[in-house]
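Okay, structure first, notes after.
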There are 2 protein chains.
Amino acid sequence: MTKDRIKQEALILFVHKGYEGTSVAEIAKQANIRASTIYAHFESKEQLFLSLFDDVVNEKLKDLAELKNRVENKGIKELLQTILHNHLEEIEHHRDQAVFYKRNAIFPPENLKDKTQAILIFYEERYSQLLRPAFAQGVKEGILRNDPIEKLQTAFYCFADGLYVLSHYYDLSTYKKAVHDTWELFWESIRNKQG
Amino acid sequence: MTKDRIKQEALILFVHKGYEGTSVAEIAKQANIRASTIYAHFESKEQLFLSLFDDVVNEKLKDLAELKNRVENKGIKELLQTILHNHLEEIEHHRDQAVFYKRNAIFPPENLKDKTQAILIFYEERYSQLLRPAFAQGVKEGILRNDPIEKLQTAFYCFADGLYVLSHYYDLSTYKKAVHDTWELFWESIRNKQG
DNA sequence: CCTACCGATCGGTAGG
DNA sequence: CCTACCGATCGGTAGG
């Protein structure tokens, strides 16, 4: 379908050149159609972008829910490691989607800030809700430090976001090593040493 | 001086709207001059941007060197805490410079990628060199875990970059708390527990 | 999905 | 530091 083709090429261009740095004509060229055809499928460049952002966010929530089911009841360490593993897979095989999300979560197009922010708040709340029970159980079982759950979750977000930034600086194999090394230290910091 | 005024306004606009999202005319308007006047001071929009990027990077290196002198010989913990404190001050009082750096380090304008990358490599090498002795001493004195220095430094970069990303999501007071909390856990992960 | 088209704006130059 | 200007491209529309 042409609509999907447009989305596919638009996402790649938005990742590499940014929203403002990508013209509708360029997207059309990559999709082998005329620029005007894009307006048969999308109201505007803005709507095309927002449709992509929405897709990516929903995909991420679906992935997390599925992943959570897969490791059901195996404990917080397994869950976090699986998220990290998934994260690595994403960067290795679906780099563009991963970068599209982060780039526009942190630096959205100026005119669309309000709309991306709204989607983002919805996303982050869901994400937190999905993880909270596992963290709570980890603390209860004495696997994690006896700290407020928000503190532990914030630390995990900080760690995961930091890794994401590092993925922009390092090549893949250096990055994999960095993930392995920093995970070891991070886990050390949140686990319960009395246990 | 008009040249400085142009730089000042350009930086702010590049932060909020991105390089491609900011027009030369817009910069001129904010600086209260005509667009053509910008070309009396800069060869091109590209050169204006690169001059800003260079400035910001040099400023950061100068800050780190100065800060290092200030805490000379007080040990790795004090040094890292001071860097973090400095980081918070930067976000509180020089937000635009801080964001300009990170935004363009991670997502540079497509056409200028090579040039920003070259500046960046220079910067990160210097930064690492400045920190390495303090990490080495920390390990030697048994204050830090007996791990490879690169591993400990990478963990610190991951932590610092993660905090940077969080600063985009949280308001200042929530952010300050997050810095405090995550630092506590991070330090726990790299210190030597035998000591 | 295309041709043909539009007003607005883009980065940049000439010449003073 | 300005006026006057330029070719190219922008996002988008009409009409088929």
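Labels below follow one simple rule: chain letters A, B, ... track the order of the sequence lines, proteins then strands, and each chain is numbered from 1. Quick caveat, the model's predicted, so the values are computed rather than measured.
Note: B:Y123 and B:Y101 have perpendicular aromatic rings, judged against thresholds of 30 and 60 degrees for the angle between ring planes.
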Under 4.0 Å protein heavy-atom contact, by nucleotide of nucleotides 3-16 of chain D - B base, S sugar-phosphate only: BB-----SSBB---
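Partner of B:V71 under the side-chain contact (heavy atoms from CB on, under 4.5 Å) criterion, chosen from B:I83, B:L79, B:L80: B:L79. Looking at A:F49, A:Y19, A:F107 one by one, the single match for ring pair (Phe, Tyr, Trp, His ring centres under 6.0 Å) with A:F100 turns out to be A:F49.
A heavy atom lying under 4.0 Å from DNA chain D marks none of the residues of residues 3-14 of chain B.
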CA sep, side-chain torsions, deciding dist, call: B:K177, B:D181, side-chain contact (heavy atoms from CB on, under 4.5 Å): CA-CA 6 Å; B:K177 193 179 178 327; B:D181 285 355; 2.9 Å; yes
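Other residues, nucleotides and ligands contribute at most 12 non-hydrogen atoms within 6.0 Å of the CZ atom of A:R126. For A:N146, the CG atom counts as loosely surrounded, since its 6.0 Å shell holds 12 or fewer non-hydrogen atoms of other residues, nucleotides or ligands.
For residues 100-109 of chain A, the salt bridge (charged side-chain N to carboxylate O under 4.0 Å, His left out) pairs, not counting sequence neighbours, are A:K102-A:D161. Screening residues 70-87 of chain A for side chain to side chain donor-acceptor pair (under 3.5 Å) gives no qualifying pairs among residues at least two apart or on separate chains.
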Secondary-structure string, 5' to 3', Watson-Crick or G-U under 3.5 Å, | for another-strand partners, for DNA chain C: ||||||||||||||||
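Heavy-atom minimum distance, A:F53 versus A:A105: CE1-N, 4.1 Å.
B:D54 pairs by the side-chain contact (heavy atoms from CB on, under 4.5 Å) definition with B:N58, B:I119, not counting sequence neighbours.
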